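Some notes on the structure that comes next.
Every chain is numbered from 1 and lettered A, B, ... according to where its sequence line falls, protein lines coming before strand lines. Note that the structure is predicted; figures quoted are calculated from it, not measured.
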Amino acid sequence: MKDQLKNFITSSLTAAMEQGKLPEIELPDVQIERTKDKAHGDFATNIAMMLAKPAKMNPRQIATILVESLPESDFITKVSIAGPGFINFTLSADSSLQVVKEILAAKEKFGVSTIGEGKTVQVEFVSANPTGPLHVGHGRGAAFGSVVSNLLSAVGFSVHREYYVNDAGRQMDILATSVWLRYLDACGENLTFPSNGYKGSYVLDIADTLHAEHGDEFLKSAFKVFTDIPADEPEGGDKELHIDGLIEKAKALLGESSYRKVFNSGLNSILSDIRDDLSDFGSDYDEWFSERSLVESGEVDKAIEQLKSANVLYQKDGAWWFKSTDYGDEKDRVVVRDNGQTTYFASDIAYHLNKFQRGFDEVIDIWGSDHHGYIPRVKASLTAMNQDKDRLKVLLVQFAVLYRGTEKVAMSTRSGQFVTLRQLREEVGKDAARFFYVLRSADQHMDFDLELAKSQSNDNPVYYVQYAHARVCSVLRQLAERDLVWDQTVGESKLSRLVEDHEKALLTMLARYPEVLESSALNHTPHILAHYLTDLARDFHTYYNAHHFIVDDIELSQARLTLIIAVRQVIANGLGVIGVSAPESM
RNA sequence: GCGCCUGUAGCUCAGUUGGAUAGAGUGUCAGUUUCCGAAACUGAAGGUCACAGGUUCGAUUCCUGUCAGGCGCGCCA
């Protein structure tokens, strides 16, 4: 519809110029928008005001000329000039009814478009370290990432959803060592658990399983383990040196093969827990990409070599640095430590190069906002490797601060004190949690009140939207109880009976859905869709309270039923994109 | 100190990429059900869009500065 109007204006403009009514000037992009106020018609354009300056004419004068030059049309009933020079269009009743037929014909496909057709996009999200279960802080990224993916898919992109598994690096060694120490404990050894180890109860579970499956295979005496280890913090030492000492000792005492077994028991257990958790949360993936695989395949070393030959690495203090300042970063970054180990950043350089080489047209990273300082160096590395850094888009998700009532909940993965995503899902439900997470724009800090979310109060808008869907289903059940049926053919042919203000409001709301989906997708803003759905639900509930659908006038009744079935379809489609169920009753 | 994000109704948040009289939910107050589900609906009250300048036909939106809050500034990941 917008496009039709755009062509309309454009042809009017060229006509006016050919006739010499307007000076020959370069045409700006014609902007058509829906009006906020019904009194202004359905659509409006500000083109006359935009042309005022280059044409050196009064905007209202331009508008008058344009309106005179508009071609004939049967889908517009009224064109008017208002305010400083807006041109307002009112659609014919017929054309606004058309959307209902489109919805019923397209069904679950209504609203999808082909804008992204032929383009591939990779979306990486969550990618939490597999050192413990996901907590509610990860939930927002999980919901946001999966809805952004669904949106892009809905407008035609071929979407590849990916989780980057940080299965290499020091944090994983700390986890492996934590598991081993708990295992030794389970074997009956007497030891003091390091203050910097992972203290969560899931570590105990993993250790118990390891003990049950392998017996005393990995048993070493606690005395041996703790000999010559720097003191821990509570004893006046350094907790980092203490845990690093323990890691080295674990590797030495166990040997590579056994250490790897312990390591994998922790990694696999937690990773499979994360997979199940995300799957149950409705956030599905096409690929789980292992950091370790990048190291072992030599891709990390290869990337470093590539940077070296590009002459953007230099040695200082025994380490290899990347000259990221040449590309706008605040300071240079280490890629190979003085002990010869590559940094996390080195893996990430290789990972992003790998993503680019896989040929995606667009690569989207969804990170917590605390990683924002990381963007310049990743983009710098891509530029240094002759890649177009603009193919990478990083979307930042602000933290959700958790509250229990008015009390802030303190969380720390290491200490094991956190509310897990699974707990949230079990208490609040997947639907409410997802909708709640996605309701706010991602760059907005968010207060997540557990009590509120748990309380099933109608503060939670997901019920409101779902209820609208269930209500339509309920009307249809009522219809059946009265031995009546919905006749689509009759309904569609009598749509002109829909003349009430509530009905007109619903019709324009329904027509907006494809536009909402598109702008939500292209701007990566799921909250636009969520807000649209609550608005649509509100218009429906208002209509419901004002009018009856099952009435004696059969034609009117069928027309109204047809309308609300279209509403139900759009709600179901929208909720589907968000990953929330559309129940028939609740 | 530097960088990024944020500041809109008592509270939680929108605001269609610069448009017409800044909107919802919640809370407060007053109402609606012999009738398809009241998880609903109607109405009222509630605002110096943090503050000060600037850009132009026009600014909550863009620019600069100030103030306030969050985050980041490792040879951690």
Heavy-atom closest pair, residues A/Ala48 and A/Gly85: CB-O, 3.5 Å
When you check the side-chain N and O atoms of [X] and [Y], is any donor under 3.5 Å from an acceptor?
X	Y	value
A/His541	A/Arg471	yes
A/Asn129	A/Thr131	no
A/Gln171	A/Tyr344	no
A/Gln341	A/Arg337	yes
A/Asp431	A/Ser581	yes

Rounded off to whole Å, could you give me the [atom1]-to-[atom2] distance for the [X] and [N] pair?
X	N	atom1	atom2	value
A/His469	B/rA39	NE2	P	18 Å
A/Leu533	B/rA24	CG	P	18 Å
A/Arg60	B/rG58	CZ	P	17 Å
A/His40	B/rU16	NE2	C1'	16 Å
A/Ile47	B/rG19	CD1	P	14 Å
A/Asp37	B/rA22	CG	C1'	13 Å
A/Arg34	B/rG19	CZ	C1'	17 Å
A/Glu515	B/rU16	CD	C1'	9 Å

Donor-acceptor pair, side chain of A/His242 and main chain of A/Pro230, under 3.5 angstrom: yes
Donor-acceptor contact present, side-chain A/Asp232 to main-chain A/Ser195, <3.5 Å: yes
Under 4.0 Å between a Lys/Arg side-chain N and an Asp/Glu carboxylate O for [X] and [Y]?
X	Y	value
A/Asp332	A/Lys316	no
A/Arg497	A/Glu503	no
A/Lys355	A/Glu124	yes
A/Lys251	A/Asp173	yes

What does [X] touch in the nucleic acid at a heavy-atom separation under 4.0 angstrom: a base, only the sugar-phosphate, or nothing?
X	answer
A/Leu476	nothing
A/Asn88	base
A/Ser585	base
A/Ala468	nothing
A/Met586	base

Under the 3.5 Å Watson-Crick or G-U criterion, the dot-bracket string of RNA chain B, with | for inter-strand pairs: (((((((..((((.....[...)))).(((((.......))))).....(((((..]....))))))))))))....
Is the phosphate of [N], meaning OP1 or OP2, less than 4.0 Å from a side-chain N or O of [X]?
X	N	value
A/Lys36	B/rA20	yes
A/His531	B/rG23	no
A/Gln444	B/rA14	yes

A/Leu396 or A/Ile550, whichever maps to the more 5' nucleotide of RNA chain B: A/Leu396
Spacing of the [atom1] atoms in [M] and [N] (rounded, Å):
N	M	atom1	result
B/rA50	B/rA9	C1'	15 Å
B/rG69	B/rU8	C1'	16 Å
B/rG1	B/rU60	C1'	31 Å
B/rG46	B/rU34	C1'	37 Å

Could I get a table of every N or O pair under 3.5 Å where one atom is in the protein and the other is in nucleotides 41-43 of chain B?
unit_1	atom_1	unit_2	atom_2	d
B/rC41	OP1	A/Tyr464	OH	2.3
B/rC41	O4'	A/Asn545	ND2	3.0
B/rU42	OP1	A/Thr542	OG1	3.4

Protein-to-nucleotide contact annotation, 5' to 3' order, nucleotides 67-77 of chain B [B base; S sugar-phosphate only; - none; under 4.0 Å, heavy atom]: --BSBSSSBSB
Sub-4.5 Å side-chain heavy-atom contact between A/Phe322 and A/Val312: yes
Pi stacking test for A/Phe86 and B/rA20: under 5.5 Å apart, planes under 30°: yes
